[in-house]
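This report refers to the structure that appears directly beneath it.
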Amino acid sequence: MTVITELVPYDDALAAYDPVMGLEVHVELGTRTKMFCGCSTELGAEPNAQTCPTCLGMPGSLPVVNATAVESAIKIGLALHCEIAEWCRFARKNYFYPDMPKNFQTSQYDEPIAFNGYLDVQLEDGEVFRVEIERAHMEEDTGKSTHVGGATGRIHGASHSLLDYNRAGIPLIEIVTKPIVGAGERAPEVAKAYVAELRELIKALGVSEARMEMGQMRCDVNLSLRPRGTEKFGTRSETKNVNSLRSVERAVRFEISRHAGVLNAGGTVIQETRHFHEEDGSTTSGRVKEEAEDYRYFPEPDLVPVAPSREWVEELRATLPELPRVRRNRLREEWGISELDMQAILNAGAVDLIVATTEAGAPADQARKWWMGELARNANESGTPLDELAITPAEVARVSALVASGDLNDKLARQVIEGVLAGEGDPDTVVEKRGLKVVSDEGALGAAVDEAIAANGAIADKIRGGKVAAAGALVGAVMKATRGQADAARVRELILEKLGVEG
């Protein structure tokens, strides 16, 4: 029985029920060719231009496993502290859907390549929450359906659908958590933090760009509720293909309120897939969720088992980079900043940019200042991701160096950054074109100071009388007269010298 109900307020839902989550994250691997054929995976090709008999499922075609994809899967498994199978194989997952040209997906079922791991994630207040990993298995992606003629872009109400099989067969790794219990009211935050940490790990391994907005990484959110104090899990829903960190958090929060509404009204939660709606954070029903037996899994007869040697696994383990959370903690200590500051840098996507800027010669505090200040403001105003701004870490380091040398002050440096972002050239070119160097000529500064004193006699008298703080007004007058290009510290020194006052 299904009962249509109002959503239960989030806090009320958590007072009565305990959420249990399961997160399934699909990652497109950044290989040059597909999982089982030699077709290119490059983005931007004409629809259906990157296909062949194998990825289209033509009779008589035979698949061959992509060795780089296997290597990437092992690296992911190792980074997630998983056990790596000594022997595993592929299976056919049978179901009909228009974007599956073979009418089955080549995946792994009961014999994944990696299993029984974990990922520690850090929440915003510094608490570390361990998410246990059930498995990470290899499979292939489906094609892309474009539904035309409807109001929602979904198949319901569309007049026709277009199919592009360029994506069919691209290597995927699906990472499945064990049931996540004990998160309580922080369940949405835990889900978001887990996907964020997993994305950073995938990027650090270099196996995928993991850009969620481009579909290279997407999350299926499984959620159920059980009455507080009970052990038996409730019936789960699965919200499919959630493609941003914020949306993962919102999907969990919405489903908690929705499940609680159904249960409070005496209804039964249906095990189904659901669609997430970015515009309001809601979910709507998709289709009744199949069980594993509905897919009629059986071993793929055209592929030999995968049996990575222990020597190869250990060789790959030795190539793993410093894991993101370990790296962040090291950088935080090196930079001398708080957990809160590091979390802000992480949220802004600025960690790698700051590191690259320091490697280009800037002090860490200056690199943080520019990326988290002027550049973050510009990114927010323009709606551009920070790492896509038209300025490089090396150019930011050069701006920092010009400030350190006294050639620029902060006000002029902001104008230089503005010019670089506008495409006027590198920092030195912008300085030259705009005439932005600090005025350091003693004669020119002295003349400007004399003019300011002459024009502001009352203020000059206050300074002579011992009110040294009033010098700020004269400094401001000189800065205005020089269009902000004077060295403010030197201007103040000259003012006090000319007025015969000790600094």
Side-chain angles (χ1 to χ4, degrees), residues 22-37 41 54-55 62-94 102 104-119 131-142 168-178 194-195 197-199 201-210 216-220 292 295 297-321 323:
L23 302 173
E24 303 171 12
V25 175
H26 294 80
V27 179
E28 280 188 0
L29 299 178
T31 55
R32 290 188 302 105
T33 57
K34 293 185 180 181
M35 187 71 204
F36 301 112
C37 67
T41 59
T54 299
C55 58
L62 291 174
V64 177
V65 175
N66 186 322
T68 302
V70 175
E71 179 178 298
S72 297
I74 294 172
K75 286 182 177 180
I76 291 172
L78 292 171
L80 292 172
H81 309 94
C82 289
E83 299 176 48
I84 305 301
E86 296 188 16
W87 187 97
C88 61
R89 58 185 172 178
F90 287 95
R92 291 189 180 185
K93 181 180 182 182
N94 297 275
K102 297 185 294 188
F104 64 85
Q105 180 186 37
T106 307
S107 181
Q108 291 188 301
Y109 174 44
D110 55 344
E111 298 165 311
I113 193 165
F115 54 93
N116 195 28
Y118 66 89
L119 181 64
V131 176
E132 296 187 339
I133 306 297
E134 177 72 33
R135 56 191 281 146
H137 65 259
M138 300 178 286
E139 60 186 25
E140 59 181 337
D141 210 344
T142 61
I170 285 181
L172 282 182
I173 298 297
E174 181 176 354
I175 302 160
V176 182
T177 70
K178 294 180 180 180
Y194 166 74
V195 177
E197 188 70 17
L198 185 58
R199 183 181 65 176
L201 183 146
I202 295 294
K203 290 166 62 178
L205 292 174
V207 298
S208 173
E209 293 181 356
Q216 294 173 338
M217 179 172 170
R218 43 199 193 266
C219 180
D220 297 343
Y295 292 121
Y297 283 99
F298 65 86
E300 169 56 69
D302 292 333
L303 289 170
V304 298
V306 176
S309 70
R310 297 303 91 181
E311 292 77 15
W312 186 34
V313 171
E314 292 310 311
E315 286 174 8
L316 293 177
R317 190 191 304 274
T319 69
L320 295 182
L323 296 182

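Computed from heavy atoms alone, side chains included, the values below leave out hydrogens, waters and symmetry copies. It should be emphasised that the depicted structure is a prediction, and the values quoted were computed from it without experimental measurement.
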Minimum heavy-atom distance between Q108 and C88, given as atom pair plus value: NE2-SG, 3.4 Å
V65 vs L303 side-chain heavy atoms within contact, under 4.5 Å: yes
Axial cation check for F104 ring with R92, 6.0 Å and 45° limits: yes
Atom of G77, atom of A114 and distance for their closest heavy-atom approach: CA-CB, 3.8 Å
Nearest heavy-atom neighbours spanning F36 and T54: O-CG2, 3.5 Å
Any donor-acceptor N/O pair, R32 side chain to G30 backbone, under 3.5 Å: no
Non-neighbouring partners of E134 that pass salt bridge (Lys or Arg N to Asp or Glu O under 4.0 Å), sequence neighbours left out: none
Residue pair E315, R310: steps toward the salt bridge (charged side-chain N to carboxylate O under 4.0 Å, His left out) verdict: CA-CA 9 Å; E315 286 174 8; R310 297 303 91 181; over 6 Å; no
Heavy-atom pair with the smallest gap, counting every atom of I173 and A136: CG2-CB, 4.3 Å
Quiz item: cation-pi between K93 and Y297, 6.0 Å / 45°: no
Point-to-point distance, once rounded to the nearest 0.5 Å, from CG of D110 to NE2 of H137: 11.5 Å
Close side-chain approach of Y118 to L80, heavy-atom, < 4.5 Å: no
For A79 against L320, the heavy-atom pair lying closest together: N-CD1, 4.1 Å
Taking every non-hydrogen atom, the tightest pair across E209 and K203: O-CG, 3.5 Å
